[in-house]
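All residue numbers refer to positions in the sequence shown, counting from 1. All values derive from a computational prediction rather than experimental measurement.
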Amino acid sequence: MAEERREVFLGARQRTLPALPEEQEWKAPFYFIQGADPQFGLMKAYAVGDCDSGGDEWEEELKLTQQAVGAINQLNPKPKFFVLCGDLVHGMPGTPWREAQIHDLKNVLKDVNPEIPLVFVSGNHDLGNTPTPETIQSYCKQWGDDYFSFWIGGVFFLVLNSQLYFDGSKCPELKHAQDVWLSQQLAIAEERKCKHAIVFQHIPLFLREPSEDHNYFNLELSIRHELLEKFHKAGVKAVFSGHYHKNAGGLYKDLDMVVSSAIGCQLGEDTHGLRLVAVTAEKIFHRYYSLNELSNSAEIEKDFMTLMKQN
């Protein structure tokens, strides 16, 4: 699975993550872009106080995502890939406007430089808070697999369907299949002693502290600690997520739990933005930039390249 080609279709355009054997070998530092929660439709729904059935307008999110795409395309050198950590649109499966939201988001993402692969992570609004085999199948037809792995530049990346850990009650067989697959992939990470292993998922394991209480924005304690221990044992260095619509995060031993705020609707004091993540031989470091900051590509490149050299 880790060495298969992964293809994502956006209208007539196809994006393929590299699957070459040399991608498993470390060569030099690189960086990628993490975004989360463009969630077309939430800003209107949140403004009117109807997040369950509202969301009939998404012009603001569309413009913000266009701004994000424009900023990414200006970056030099190019990022290795652009990952969107879930809640691609606000409309839950079976709700009005969902297909129109998906159509408009795909149209915007087609403008990402074709040399920059796109990686999609499933969120609760993409699958439903309690996913079913049908909603997962529908997502996979639209965006690609709900969990998979890939190598880039000697680094092993795993993408998880965190909704199966939040509430997999309606698809226990699919949850079990992901559990088996994850154990296999973590064994690969441990055995090959890859330079780094990184996980992407929508729902954070935790927001601030590994032992914090369970709520809508994190995973239940027993599941959380089981995953944290598995990740730590396999040498996973970082987990990147969204869902919270605020920047947050913390440490579990030497594992960095990174929670990025949204491209779209903000639920706190953060700005619409993206996270730049640099991978060096020794460590992984990252910084969240507002979309307005990213529009000044010369300053961003100078700032971020300086950070890469220091680390």
(request) Taking only Lys NZ, Arg NE, NH1 and NH2, and the carboxylate oxygens of Asp or Glu, determine whether Lys237 and Asp256 approach each other closer than 4.0 Å. (result) no
(message) Using modelled atom types and a 3.5 Å cut-off, is there a donor and acceptor pairing between side-chain atoms of His245 and backbone atoms of Cys265?
(response) yes
(message) Whether the side chain of Gln163 engages the backbone of Leu127 through a donor-acceptor N/O pair (distance < 3.5 Å, no angle test) should be reported.
(response) no
(message) Is it the case that the ring center of Phe150 lies less than 6.0 angstrom away from the ring center of Phe81?
(response) yes
(message) Show the nearest heavy-atom pair for residues Cys171 and Leu164, with the distance to one decimal.
(response) SG-CD2, 3.5 Å
(request) Spell out, as yes or no, whether a donor-acceptor pair under 3.5 Å connects the side chain of His196 to the backbone of Gly154. (result) no
(message) Is it true that, when you exclude Glu209 itself, more than 12 heavy atoms of the residues, nucleotides or ligands shown sit nearer than 6.0 Å to its CD?
(response) no
(message) Main chain of Asn218, side chain of Arg224: is a donor-acceptor contact present, judged purely on distance under 3.5 Å?
(response) no
(message) Are there over 12 heavy-atom neighbours, none belonging to Glu60, within less than 6.0 Å of that residue's CD?
(response) no
(request) Could you tell me whether a side-chain N or O of Gln266 sits under 3.5 Å from a main-chain N or O of Gly264, the two making a donor and an acceptor? (result) yes
(message) Determine whether a donor-acceptor pair (N or O, by modelled atom type, separation under 3.5 Å) exists between the side chain of Asn113 and the backbone of Asn73.
(response) no
(request) Grab the two heavy atoms, one from Val121 and one from Asp126, that are nearest each other, plus how far apart they are. (result) O-OD2, 4.0 Å
(request) List the atom of His243, the atom of His202, and the distance in Å for their closest heavy-atom pair. (result) ND1-NE2, 3.0 Å
(request) Can you see which heavy atom on Lys170 is nearest to which on Pro133, and at what distance? (result) O-CD, 3.5 Å
(request) Would you name the heavy atoms of Val279 and Trp26 that are closest together and state the gap between them? (result) O-CH2, 3.6 Å
(request) Give a yes or no on whether the backbone of Ile203 and the side-chain of Gln201 come within a donor-acceptor separation of less than 3.5 Å. (result) yes
(message) In this structure, would Ile263 and Tyr288 fall into the same cluster of hydrophobic residues linked by side-chain contacts under 4.5 Å?
(response) no
(message) For the backbone of Leu42 and the side chain of Glu61, can you confirm whether one donor and one acceptor N or O come within less than 3.5 Å of each other?
(response) yes
(request) Decide whether Asn292 and Ser295 meet the rule of one side-chain donor and one side-chain acceptor closer than 3.5 Å. (result) no
(request) Look at the side-chain heavy atoms of Ile, Leu, Val, Met, Phe, Trp and Tyr, link any pair under 4.5 Å apart, and say whether Val236 and Leu251 land in one connected group. (result) no
(request) If the plane angle is over 60° it's perpendicular, under 30° parallel, otherwise tilted; pick one for Phe240 and His286. (result) perpendicular
(request) Give a yes or no answer on whether the side chain of Lys27 reaches the backbone of Glu22 with a donor-acceptor pair at less than 3.5 Å. (result) yes
(request) Starting from the C-alpha separation in whole Å, work towards a yes-or-no answer on salt bridge (charged side-chain N to carboxylate O under 4.0 Å, His left out) for Lys230 and Glu226. (result) CA-CA 6 Å; Lys230 283 183 178 180; Glu226 179 183 349; 3.4 Å; yes
